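Keep in mind the model is a prediction, meaning the values are calculated, not measured. Below, chain A is the first sequence line, B the second, and so on; all start at residue 1.
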Amino acid sequence: MLAYLIRRLLFAPIILLFVTFFTFVLGHYGPGDPVVILMGQQNNPEVVERIRKERGLDRPLLPTLENWSVFPPALSVQPGQYVDYIWKVLQGDLGESSTLFRGQQVSKLLFQKIAVSAQLGLLSLLIGVSLGMILGLAAAQNQGKWIDPAIVTSALFLSSLPIFVLQPFLVLVFVRWLHILPTSGWGGILDPRIIMPAIVMSLGPIGIITRLMRSSTLEVITQDYVRTARSKGLPELAVRIHHIGRNSILPIFTVVGLSLATLVGGSFVTETLFGIPGVGRLAVDSFFARDYPIIMAFVLITAVAYFIANLIVDIGYSYLDPRIRLN
Amino acid sequence: MKQLSLFFAGLALAGLVAVGCGGSTSPESGGGSGGGTGELTILGSDPPTLDPALSGDTESATYVVEIFGGLLTLNSDLQIVPDLAVAMPEVSSDGKTYTFKLKDNAKFHDGRKVIAQDFKYSIERAADPKTQSTLADTYLGDIVGVKDKLGGKANEVRGVTVVDDRTIKIEIDQRKSYFLAKLTYPTAFVVDKANVESSKSWTDKPNGTGAFKLAKWQIGEKIVLERNSGFHLEPAKLTRVNFILAGGSAMTMYENKEIDVTGVSINDIDRVRDPANSLNKELIESPDLSVGYIGFNNTKPPFDDIKVRQAFNYAADKDKIIQVLYKGLVQKANGPLPPGIPGYNTSLKPIPFDPEKAKQLLKESKYGGPSGLPTITLSIPGSTATPPPFSEVLREQWKTNLGIAIKIQQIEWATFLEDVKKGSYQMFQEGWIADYPDPEDFLDILFHSKSNNNNGRYSNPQVDRLLEQARVEENIDKRLKSYQEIEQTIVNEAPWLPLWYGKSYILVKPHVKGYQPAPMIIPNLRLVSIEK
């Protein structure tokens, strides 16, 4: 177990280096330039050159040897933009926003926005998972009756509704007809404005979890060990919790565990339609504005989040199902 | 302010919705629900910067002009008037030296008096390469010594002299009629040295001279401006202005009384125009100083032939696009200069819609007719997946009237910007909003053959010469007349297909008084009051 953990952790820096390098190179060679974006339609190549130089964007991407000669022996190394970036990140400096919020600390911007998206994401996940599990269990226990297809179909229907349909519908009902909610905006997890976006975002998980929970429960209740448990004379509640429940949530644990990573990514569409200052909008905006420091930091944090979520899922598995051994 | 021209001038359906819904593209599309007396809550969006030296986009300027100020400013009629200066400057006989006297009661928000040294510091700071201003060249570059400072060749700006605490002299390189207009732009605003040097994030607590102070900025949530009671002109009537940055559907928020002002999108324009609708009384229509157009690359076939360019103009039925497609939300453009710009020519002779003439011109061109033409591609900026409807209508009109099938390609904004400046496109859609109300800002910047912003590579030595003369012409009437002649020549030679002039449609709640939509970003919030 410990050996497994160490091995995984040793892999992390390699993965992160690869991810950051790939993003960095794409940004460097891809079309569009942050300084040209700053200039907007004004065109002045001299100014662009001057600002690029001031920001060090004219330097080479990778380490290069400069001014080398054999006689007299001389050599200097220019670390290049990528190495400089990684060195700064290692010191905890994610840089400053280059176009969207000129000069503001990326770390401050990003964590502020992640906090917003994570609150919304967590609430939706909570609603989605708890409702999905209840519905899935209810469907499985009523297999063969009308309730089963009714639950499965409606869960599927709701989770297939695109947000473009849902958002105006919810606004129509809650804002225009009932007058009980404001149209949009953000005020934290305790503010009523979180209700509509949370509903919208929980429908997806409800659909998935309901179906997963149903099928895994159906699979588990026909297992030998459940029959054995019952025939041993265990109380029905103990059978349901320890034998059926624990085993049927395994696949759900995977889905939920990995969804935790998406919390730091936010949701662009929901955030845009409901006016939520989350990280999803920041990420998309920073792409269009070629704000590379924000893009890099976003990619880095998302990669770390997925790495951690995967690790938690793997370790959690071995606790939930002793048959799984990590090595 | 050029970043956003396309939203106004592009008028892709998505663009219209963006103006109407997001409110992010114009301050006028915001709105407010003044809860208490003297409080206005309007929609806004996060500014990329609050540093006047860096502010070059509409969002930043919206806040910067209210928090900071300069020697001169623009009033609601877009006339240049004194701000921190006592009066308009004394001008030397050669037209190169301006002497400004500062107002006695000119103070920063913290109460410190503004002195001439503050202006010298501010201009030198804006021109310091370390400040990384994209605009110092354009707005301050006429001042003697600014170019040297920008190029790292000088420590100070020679052309700015402090005569005494209350007097400052600014010397420019040659007589330029439009120089004072440039001083109304944020790049020339005054900042407090102690404030700027206090921390890297000094704009979180800016010490300006404007009618409002920044009370709060929660990124993505709201910006709150508070009245500066020590303002040197008549202080604002509002105690607070709340800008909601989170966005959402502006029209719904307006109707739900969450905001007081909103832009109107094409989806709502019909019901709002209906006199029977109560919203109709709250509608204000006003022009923007902007123009939308299709640019032809005058050096690339087939648009290197004037007759082809003219034929494309004659073959376009703009009335249909504007009336049917855009329900008159914009005004048909005859030439590059929008109404409201000094020198706007009401008797300009446009190229009319005339399919027969178009066909004939195409035949007379060196390409001999539709079959002799190379493939033509119209490049349009945007990321909406489908090209804006007007471009499809134009494609059909050219197909019907000229027998030419053009291609349309949509290009993401950052890439488009790079390529259009390089002159890579044969034909492209762009727009232009006035930076300052002067015809020079359109005609010289967009059509002089040496201008960096002449994306269509139009070149006419005679037009160049007239433009250069107009720059220094002292007599205002003669100068404007000269620009009218230049504009007529440009229209005749058809480097563009001018499409429309922007207009803004906003709804303002009846209890908000004095909310004047301006065609440019000017400090006008202090004139607003709430009467319930």
Is it the side chain or the backbone of [X] that comes within 4.5 Å of chain A heavy atoms, both, or neither?
X        : answer
B:Lys200 : side chain
B:Ser55  : neither
B:Asp204 : side chain
B:Ser133 : backbone

Are any side-chain N or O atoms of A:Asn43 and backbone N or O atoms of B:Asn453, one a donor and one an acceptor, separated by less than 3.5 Å? no
Practice prompt. Give a yes or no on whether the backbone of A:Thr183 and the side-chain of B:Glu258 come within a donor-acceptor separation of less than 3.5 Å.
Written response: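 Checking the backbone N and O of A:Thr183 against the side chain of B:Glu258, a donor-acceptor pair under 3.5 Å is found.
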Closest non-hydrogen contact found for A:Phe288 with B:Ala414 is O-CB, 4.2 Å
task = Please determine, among B:Lys130, B:Glu418, B:Gln132, the option with the most heavy-atom pairs under 4.5 Å with chain A.
result =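 The candidate making the most pairs under 4.5 Å is B:Gln132.
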If you measure from [atom1] on [X] to [atom2] on [Y], what distance do you get to the nearest 0.5 Å?
X        : Y        : atom1 : atom2 : answer
A:Leu109 : B:Ile219 : CG    : CD1   : 4.5 Å
A:Glu46  : B:Leu150 : CD    : CG    : 9.5 Å
A:Gln41  : B:Asn455 : CD    : CG    : 8.0 Å
B:Leu135 : A:Asn44  : CG    : CG    : 10.5 Å

Under 4.5 Å to a heavy atom of chain B? For A:Glu54 that would be both
